[in-house]
Amino acid sequence: MDVAQEEHELGSEEALRSLPSDPHERGRPRPSEVTAWGRWAWRRLTSMRTAIVLLVLLALTAVPGSLLPQRGVASDPAAVANFYRANPDLAPWLDRMSLFNVYSAPWFAAVYVLLLVSMTGCVVPRSAQLWREYRAAPPPSPRHLSRETGHHRGLVARPHDPLAVAAAHLRDRRFLVTRTSNEVRAEKGRLRELGNLAFHLSLLVLLFGIAGGKLFGYEGRVALVEGTTFANVSSSYDALTPAPWADLAGLEPLELTLNDFAAEFETEGARFGEPRKFEAAVSYDSAEEGDGSFTIRPNRPLDINGTKFFLTGHGYAPELTVRDGNGDVAVSGPIIFLPVDPAFTSDGVVKAPDARPTSLALRGLFLPTAVDGPDGMGVSAYPDQVNPIVQFMAYTGDLGLDDGTAQSVFELDFTDLDQVLDADGKPWRVSLAPGQTVRLPDGLGSVTFDGVSRFANFQIARDPGKEVSLAAAILLMLGLTASLAIPRRRIWVRRNDDGTVELAGRSLSRRPVPPGELHDLATTIGLPPAGAGQNKEEE
Amino acid sequence: MTSFDAARLSDALVTSALGVFSLALVVFALAAALSRSRPVPVAAVSGAAVVLSSPGGDAGLRPAPHRGLEQVGRAGAAVLVLGTILLCLAVVARGVAAGRAPWGNMYEFGLTGSAAVAVAFLAYGRGRPTGVLAPWTVTLVLVLLGVSVTSLYTPVDDLVPVLNSRWLVVHVAAAITAGALFTVGALATIAHLVRQRGGGDEDDHFSDLAHTVHLVAFPVWTFAVIAGAVWAENAWGRYWGWDPKETWAFITWVFYAAHLHALSTVGWRRRAGWLALAGFLAFVFNFFGVNLWIPGLHSYAGV
Ligand code: HEM
């Protein structure tokens, strides 16, 4: 191992071991067993070896979360439930070990907390040492300069003073220079250490930023039909996931109206039907930012004072009017149907519990571009509206809405429902185009398909730690770049008693001293090239 | 030039690049055969096969090789340069045809990625005795390009709206650059480890090349991950969600961080190489494994 490297490694680890404690300990009574043991453990924890082991552990513990379904992570919210169903014996065991929420598991937290403690314990004392070095002048030259990098030695022609020339040359190149009677000591690249410190500490800052979001933020979802308005209070959300300390009573006061939703799809080629453009034209009225309008697109959220609206999906809401047997309107307006395939074949349910003489429910499909499918059911062939059709089956009986259990608006509870049959005793079924009306059998009522609206899904999020995380990321990038790109090095120029002048450099990082640097210096002073110098010595 | 012409031009350039890289492989094989049939100093075998034209200097590292051998090695390097130029032109033509950055689906990742590997190798191999690395790099580029053409090919097309973002362009460009450098680093690391097993030095020009490359690749990768987070924040409302793609990017990053630490820890230098390889495997798995096998938000990237 060459000298430079040894020094470097000492700088990074061994030197730390003997660093801060010594001066304070002198003259004190011998530490007890416990403190001795504690000190030993602390040294272990803050050693580079431990850092490597913990980093490898961190990488390995992150793996299972990408292979097993995760709660609140996967794009498919039912993934964990499905896994339970498929592996009923294994799943509870995995669950007990937090393997369905790896990234909030205690063992995962243990690894990164230990890592950050180790890092702080390692890097902070190192920085204290660096601070002292910063204020000190570069150290004297080692005795055997010839063992260092880029050694030059030779006689320099008078009249100029080679040390003065060297010092000026190095100062011009922004070295920190000290001159003594017989040598010049110079150092450059201390910024590297500052970068290293900034980089490591930025990881702590990042943790604060993440914690900010995890403790005070929230995420919610809402589906809005064209023409409807959303008021930002917790009861308006379809789903809301608040962090433990999120202030749900104090949500940003605002209203948002979806005025229009436009979608475009590929009309030809191999990617026929693939989405090409989504746009949600909205207007808002906010206490903080007044009113205005905006077009929300994928990758272009609306940000109102830190509450952000993201466009995450869309679909169709057929406008239907259901009249009961008495001719009274039981349901009227657009009803959200959930898309089940890329061509927007969509599933929906209409509930009319107050219809007379009996409660009514419809279950149906909306097909933006209907074509005949298997067994008489239609399917959609294209996501845009070319031939919009709704198809229904009808049910009567108790919808189960009164017994107090929550029921999804997208599902029917069939336990107390009877399917409406046609004259032949087969399930009654109908297809409607816009503008058409159909009468249900037995004077149960009628359904009119008035037209089609679209709806858009919005993800609404507030993350108060986001800015901190971004600042940490920028600091991380700057620190890392400085730490990896800047070589820290020392250069010495010495006048020996025999009148020869010697110079050499030493790298304090894993990057070598830039070779041109020493060569330029030698040329400026008037030292012969390295090879020639060597010869002279041997003569 | 219509976009259709540009697309066809790109395809033709890819085909010719495949041919030229295969030719380079033949030339390298010839060089290896020549060097085996005539005894030359050991250093020359690894050193002379390809020294990509060096502007003087490093006389100590460069052995005085057999002349015929050196010529064949030179020829191989020249063919390699030609193939790389063709491949770069193919990438440009693809970009012109699509009217956007040519990394919007897996075929384009493969195409741009293999060009990036070739460029990274030439950029960092220049002036070094890269020896056995050249044929291995060429082989890797051929495999990557071959797989892209045969099983990932998709005609030029527009992007789905979610992918249509400036941050995506930046994020993927950085990821491809880092990935190409990681690839060169991994090849050099393997060469170094094989050498060490055979009793080689702690440090040789392979470990030196690997180190130089990793020092650049790591911050570029870090930037790619950060850019990805910024983009995710813009598209999905959260900057980090432990999506499988994000998770493996993180795993890659952590392994390379461990690698850099191991390099400056006494007694860990040998293990450092293995940590870099672990990082590279995580990177490769993220590109192929995660895209193909694991469902997640990123899987609409389009096979
Ligand atoms: C939290 C996870 C950590 C990450 C992601 C990380 C990352 C890095 C990276 C990328 C470098 C490269 C800079 C270089 O090679 O010069 C580095 C250097 C360094 N790290 Fe860490 N580190 C972490 C934790 C730690 C810990 C726990 C310690 C101490 C036990 C530590 C001590 C050091 C030291 C001393 C250097 C400078 C080495 C040198 O000068 O070559 N780091 N770190």
Side-chain angles (χ1 to χ4, degrees), chain A residues 1 8-9 12-14 47-49 51-56 58-60 62-63 65-67 70 73-76 79 102-103 210 213 219 266 269-271 274-278 297-301 308-310 312 459-461 463 466 469-470 473-474 476-477 480-481 484-485 510-511 515, chain B residues 154-155 157-168 202 211 215-216 218-219 222-223 226 229-231 233-245 247-248 250-255 257-258 260-268 271 275 278-279 282 290 294-297 299 302:
Chain A
M1 193 188 299
H8 166 62
E9 284 175 355
S12 50
E13 182 183 19
E14 311 302 337
S47 78
M48 280 288 255
R49 254 153 270 207
I52 301 169
V53 171
L54 286 173
L55 281 167
V56 171
L58 183 66
L60 295 180
V63 172
S66 77
L67 306 178
Q70 297 293 298
V73 166
S75 43
D76 173 9
V102 166
Y103 307 107
I210 294 171
E219 249 177 47
E266 186 66 58
R271 306 248 188 128
E274 218 178 60
R276 285 293 168 258
K277 196 176 98 182
F278 302 136
R297 283 194 288 258
N299 293 309
R300 188 170 181 263
K308 281 185 146 184
F309 292 78
F310 300 85
T312 55
Q459 161 120 337
I460 303 166
D463 179 349
K466 205 168 49 193
S469 298
L470 183 64
I474 292 170
L476 188 153
M477 232 15 259
L480 182 64
T481 310
L484 292 180
R510 262 179 281 111
R511 302 224 111 177
Chain B
T154 20
D157 214 334
D158 289 340
L159 293 176
V160 293
V162 192
L163 290 183
N164 200 349
S165 155
R166 235 171 308 158
W167 279 105
L168 177 73
E202 270 271 290
H211 183 58
L215 280 189
V216 181
F218 187 75
T222 309
F223 176 73
I226 292 175
V230 173
W231 174 46
E233 204 280 326
N234 246 304
W236 300 318
R238 88 288 184 292
Y239 55 88
W240 195 267
W242 294 110
D243 180 84
K245 204 90 182 163
T247 303
W248 283 92
F250 173 78
I251 294 170
T252 305
W253 190 75
V254 172
F255 270 125
L260 288 177
H261 278 134
L263 277 184
S264 32
T265 305
V266 188
W268 274 73
R271 272 170 263 186
L275 289 171
V290 174
I294 303 182
L297 286 173
S299 40

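Given the structure is predicted, the values throughout are model-derived calculations rather than measurements. All heavy atoms count here, side chains included; hydrogens, waters and symmetry mates do not. Letters A, B, ... mirror the listed sequences (proteins, then strands); counts begin at 1.
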Interchain contact, [X] with chain B, by part (heavy-atom threshold 4.5 Å):
X	answer
A:R297	neither
A:A59	both
A:I460	neither
A:L484	both
A:F310	side chain

Can you tell me which portion of [X] sits under 4.5 Å from chain A's heavy atoms? Options are side chain, backbone, both or neither.
X	value
B:Y239	side chain
B:I226	side chain
B:T222	both
B:L168	neither
B:W253	side chain

Problem set entry | Check against side chain to side chain contact (heavy atoms under 4.5 Å, CB included), A:I52 and B:L275 | CA-CA 10 Å; A:I52 301 169; B:L275 289 171; 3.8 Å; yes
Problem set entry | Non-hydrogen side-chain atoms of A:V63 and B:W248 separated by less than 4.5 Å |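 In contact.
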For this session: Measure the shortest side-chain to side-chain distance between B:F223 and A:T481 over non-hydrogen atoms and say whether it is less than 4.5 angstrom.
Result: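 Counting from C-beta outward, B:F223 and A:T481 never come under 4.5 Å.
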Nearest 0.5 Å, what's the [atom1]-[atom2] distance between [X] and [Y]?
X	Y	atom1	atom2	value
A:K308	B:E233	NZ	CD	3.5 Å
A:R49	B:W268	CZ	CH2	8.0 Å
A:L58	B:F255	CG	CZ	9.5 Å

Distance-minimising heavy-atom pair for [X] and [Y]:
X	Y	value
B:S264	A:M48	OG-CE, 3.9 Å
A:A62	B:I251	CB-CG1, 3.9 Å
A:L470	B:V230	CD1-CG2, 4.3 Å

For this session: Check step by step if side chain to side chain contact (heavy atoms under 4.5 Å, CB included) holds for B:W167 and A:N299.
Result: CA-CA 9 Å; B:W167 279 105; A:N299 293 309; over 6 Å; no
Seminar exercise, completed: Pair count under 4.5 Å, heavy atoms only, with chain B: among A:E274, A:E266, A:R276, highest is A:R276
Seminar exercise, completed: Pair count under 4.5 Å, heavy atoms only, with chain B: among A:G213, A:P298, A:A51, highest is A:P298
Exercise. Picking from B:A229, B:A278, B:G237, B:A282, which has the most non-hydrogen pairs under 4.5 angstrom with chain A?
Worked result: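 It is B:G237.
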